[in-house]
Amino acid sequence: MSNHLNAEDATPEKSLNFIEQKLEADLAAGKHGGRILTRFPPEPNGYLHIGHAKAICVSFGLAEKYGGKTNLRFDDTNPEKESVEYVDAIRRDVRWLGFEWKGGEFYTSDYFDRLYELALQLIDDGHAYVDNQSPDEIAAQKGAPGRAGTASPFRDRAPAENRRLFEEMKRGECEEGSRVLRAKIDMAHDNMLMRDPVIYRIKFVEHHRTGKDWVIYPMYDFAHGQSDSMEQITHSLCSLEFENHRPLYNWFISTLGIYPSEQTEFARLNLNYTIMSKRKLLRLVEDGAVDGWDDPRMPTISGLRRRGYTPQAIREFAERVGVAKRNNVIDYSLLEWALRDDLNRRAPRVMAVLRPIKLTVLNYPEGETEWLPTVNNPEDEESGTREIPFGRELWMEAEDFKVEANKKWFRLAPGKTVRLKSAFIVEYVDHVVDSQGAVTEVQVNYIPNSKSGQDVSGVKAKGTLHWVEASHAVDAEVRLYDRLFMEAEPEGHDGRDYMEFVNPDSLEIVSGCKLEPSLANALEETVYQFTRLGYFTTDSKYSKPGHLVFNRAVTLKDGWKG
RNA sequence: UCCCCGAUGGUGUAAUGGUAACACACUGGUUUUUGGUACCAAUAUUUCAGGUUCGAGUCCUGGUCGGGGAACCA
């Protein structure tokens with residue numbers, strides 16, 4: 001191994017994850033003719049979530065890295081739970097993440113004819129049989145881990161009879177549940193999945209693509225590997241839960257003698273304080289615990305998008321999470337870090353006051369306004385400047401004033417002096433309290449020669465506050481979010497339903513917020529930094545020109561331990 | 001009870017028989033017209049017991065712990 005201690009420009013070789021290592025080895029060995037073709041195969045029975053985002057980044061990202069392509073394939077073999085709404089949402093989300101399915105768009109349902117032929121081939125070769133037993137009977141004969149199963153009385157039917165019976169199933173001549181087609185493998189196999197798995201079942205259910213054409217549908221195990229094979233997928237990457245399915249995957253491919261796609265499993269993403277199961281997310285939607293699949297608190301891609309997350313942040317997050325075979329639970333803070341890191345560099349800074357109280361500059365002339373220049377983003381020279389109005393009547397954040405404050409308090413309080421961001425230094429004069437004892441107004445004097453950028457006052461102000469000039473302010477509603485679940489692992493409590501842990505305070509709607517005037521024309525899909533408050537974007541569902549609604553994507557990191 | 005997989009700081013991920021590293025989080029400091037950012041520093045790691053080897057996180061054996069596995073779901 002070489003080492004580059006003395007080479008200053010030596011970029012450290014980034015180590016490869018185990019799949020990259022396999023890909024490089026396969027490429028070097030000339031496997032698959034040096035071709036890389038992966039696939040992303042969601043079932044259209046729900047919206048994609050952050051866990052899928054990782055899978056997408058892995059399958060699409062790896063193919064991209066090694067000059068290959070990726071297919072998008074909808075694994076639509078169970079018409080009961082699937083719909084075109086989900087198909088459309090999935091296409092939109094993958095594209096939004098920045099990936100194109102250059103290998104093509106496919107549907108397992110497109111292969112129903114071919115799959116049927118393969119089933120016949122299995123039957124003719126004596127590798128499959130029609131079983132007339134009930135689900136309960138079949139289950140009972142499965143045996144148990146460590147205990148062999150027993151053969152179905154129909155296991156040794158002749159191929160010709162099996163073919164006739166299976167054709168009857170296809171023609172819709174049998175009742176649902178009356179027959180299934182089973183692969184004939186080994187009822188004593190250590191892997192329960194190899195104990196003559198059911199591969200076709202009867203369902204008189206209309207399919208969102210094939211309509212009423214079919215009344216028999218292939219099971220996952222009979223459809224997935226063969227679909228991979230038909231598309232000549234070289235590397236079929238999936239999550240660890242399918243490890244037990246790999247022997248079956250390979251059995252069908254070798255028994256059928258079709259293209260040898262290969263399955264490799266990696267650990268799926270788990271995030272704390274949320275859940276990652278389409279079925280469970282669906283329940284949140286159906287029970288009205290959230291405002292749809294794209295509720296900004298949802299870990300769905302569409303929810304994150306509505307919340308203000310960027311594709312870049314999600315992809316960086318997936319990159320940081322890594323690819324390995326060990327089960328993991330990622331800290332939610334890593335996701336937030338990725339967002340802040342991205343937005344810090346790109347988000348325009350603006351000023352907004354969420355919980356306004358009056359800030360009156362006593363020594364500033366009444367009715368006068370001046371426009372002060374301010375930078376759009378200190379991290380980005382090219383973002384330029386804009387002007388914001390300043391006057392006698394301002395709004396300030398209620399929590400930036402305290403009647404009694406100690407030395408560590410940098411904000412406004414009796415005796416304190418602060419800088420108003422991009423404007424002047426002001427010093428406390430007085431404050432007004434209402435009958436409840438709440439402060440409604442703070443009065444200050446400004447120091448005229450302390451103007452931002454040309455400060456010759458010599459006055460030091462420890463703190464800097466955001467503010468908005470009152471006469472030009474724009475009203476808005478702002479939605480603040482907290483984690484959806486109060487428990488780090490809402491699914492990890494035996495005997496307790498995850499719905500019990502839904503955080504009742506995960507949404508806070510704040511109205512009467514005051515924004516600087518430029519925000520009247522806030523752009524959709526632009527995420528702004530509200531100075532000192534966090535990153536916000538207009539809500540795609542509720543925000544309208546006359547009624548602005550902003551979502552807070554994430555707060556700024558708060559280093560103040562006051 | 002049987003099969004498969006895994007185990008490295010708080011959380012992830014690397015080290016491919018040769019000095020256990022990187023990121024996030026946490027803590028402290030410097031800079032700062034965002035208590036942000038940036039920068040610096042500090043804390044903290046190989047599941048256990050044997051074995052092979054000059055040398056083991058890595059290989060072998062066994063244990064322990066964790067995950068997955070019996071659906072006419074995917």
Side-chain angles (χ1 to χ4, degrees), chain A residues 1 12 14-18 21 41-43 45 75-78 80-82 131 134-135 138-139 142-149 176-182 189-195 197-203 216-217 219-221 223-224 238-247 265 267 272 278-279 319-338 340-341 344-345 349 351 374-375 378-379 408-411 418-423 425 450 452-453 455 461-466 529-534 555-562:
Chain A
M1 214 186 199
K14 206 180 170 233
S15 52
L16 303 174
N17 66 49
F18 80 102
Q21 290 173 28
E43 181 186 14
N45 66 344
D75 212 353
D76 53 353
T77 59
N78 185 1
E80 280 168 17
K81 300 193 272 178
E82 300 158 4
D131 196 327
S134 70
I138 291 175
K142 280 264 173 177
R147 204 184 76 232
E176 221 167 276
S178 64
R179 293 177 190 175
V180 289
L181 183 68
R182 290 226 259 168
H189 204 286
D190 281 334
N191 184 337
M192 299 292 292
L193 290 167
M194 301 292 275
R195 323 251 261 224
V198 171
I199 58 178
Y200 262 96
R201 77 288 214 191
I202 299 166
K203 268 184 201 285
I216 57 171
Y217 292 96
M219 298 287 289
Y220 165 85
D221 284 303
H224 202 93
C238 62
S239 50
L240 251 27
E241 54 195 303
F242 293 100
E243 266 176 330
N244 292 313
H245 293 250
R246 180 159 23 100
E265 312 84 8
N272 57 15
K278 277 194 274 190
R279 202 187 80 242
E319 189 64 36
R320 298 295 176 127
V321 159
V323 178
K325 294 194 72 160
R326 172 160 56 138
N327 296 307
N328 58 72
V329 182
I330 311 291
D331 265 2
Y332 205 91
S333 60
L334 185 64
L335 217 209
E336 297 187 324
W337 169 84
R340 292 191 187 105
D341 188 55
N344 175 52
R345 276 171 286 167
R349 271 60 169 174
M351 289 212 275
T374 184
V375 297
E379 304 293 319
K408 288 169 116 177
W409 180 255
F410 296 170
R411 288 118 94 152
V418 299
R419 156 79 61 184
L420 296 182
K421 173 77 180 167
S422 298
I425 291 175
S450 67
S452 194
D455 184 355
K462 201 88 165 124
T464 300
L465 306 187
H466 60 278
Q529 183 191 106
F530 288 5
T531 300
R532 297 212 302 138
L533 298 175
T555 61
L556 253 28
K557 191 177 163 192
D558 189 1
W560 184 53
K561 303 295 185 292

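Because only heavy atoms are used, hydrogens play no part in the values below, and waters and symmetry mates are left out as well, while side chains stay in. Numbers restart at 1 for each chain; the letters A, B, ... are given by sequence-line order, proteins then strands.
- The pair A/E265-A/R246 meets the salt-bridge criterion, since a charged nitrogen lies less than 4.0 angstrom from a carboxylate oxygen.
- For A/K203, a side-chain nitrogen or oxygen approaches OP1 or OP2 of B/rC73 to under 4.0 Å.
- A/R411 forms a cation-pi arrangement with A/W409, by the criterion of a distance under 6.0 Å to the ring centre and an angle within 45° of the ring axis.
- A/V198 comes within contact range of the sugar-phosphate backbone alone, with a heavy-atom separation under 4.0 Å but no base atom that close.
- Taking atom C1' on both nucleotides, B/rC26 is separated from B/rG67 by 28 Å, rounded to a whole Å.
- Using P as the reference atom, B/rA7 and B/rU13 are 9 Å apart when rounded to the nearest Å.
- A/H245 comes within 4.0 angstrom of a nucleotide base, judged by non-hydrogen atoms across all strands.
- Contact check on A/E243 versus A/K325 returns a salt bridge, with a Lys/Arg side-chain nitrogen under 4.0 Å from an Asp/Glu carboxylate oxygen.
- Within the structure, every side-chain polar atom (N or O) of A/Q21 is placed at least 4.0 Å from both OP1 and OP2 of B/rA14.
- Taking atom C1' on both nucleotides, B/rU58 is separated from B/rG51 by 15 Å, rounded to a whole Å.
- A/R201 has a side-chain polar atom (N or O) that falls below the 4.0 Å cut-off from OP1 or OP2 of B/rC73.
- Within the nucleic acid shown, A/F242 comes within 4.0 Å of at least one base atom, counting heavy atoms only.
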**Prompt:** Which parts of nucleotides 27-36 of chain B does protein reach within less than 4.0 Å, heavy atoms only, written one letter per nucleotide 5' to 3' as B for base, S for sugar-phosphate only and - for none?
**Reply:** S-----BBBB

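- In this structure, A/S134 does not reach the B/rC72 phosphate: none of its side-chain N or O atoms is under 4.0 Å from OP1 or OP2.
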**Request:** May I have the step-by-step check of ring-ring contact (aromatic ring centres under 6.0 Å, His included) for A/H466 and A/F530, ending in yes or no?
**Result:** CA-CA 9 Å; A/H466 60 278; A/F530 288 5; 9.2 Å; no

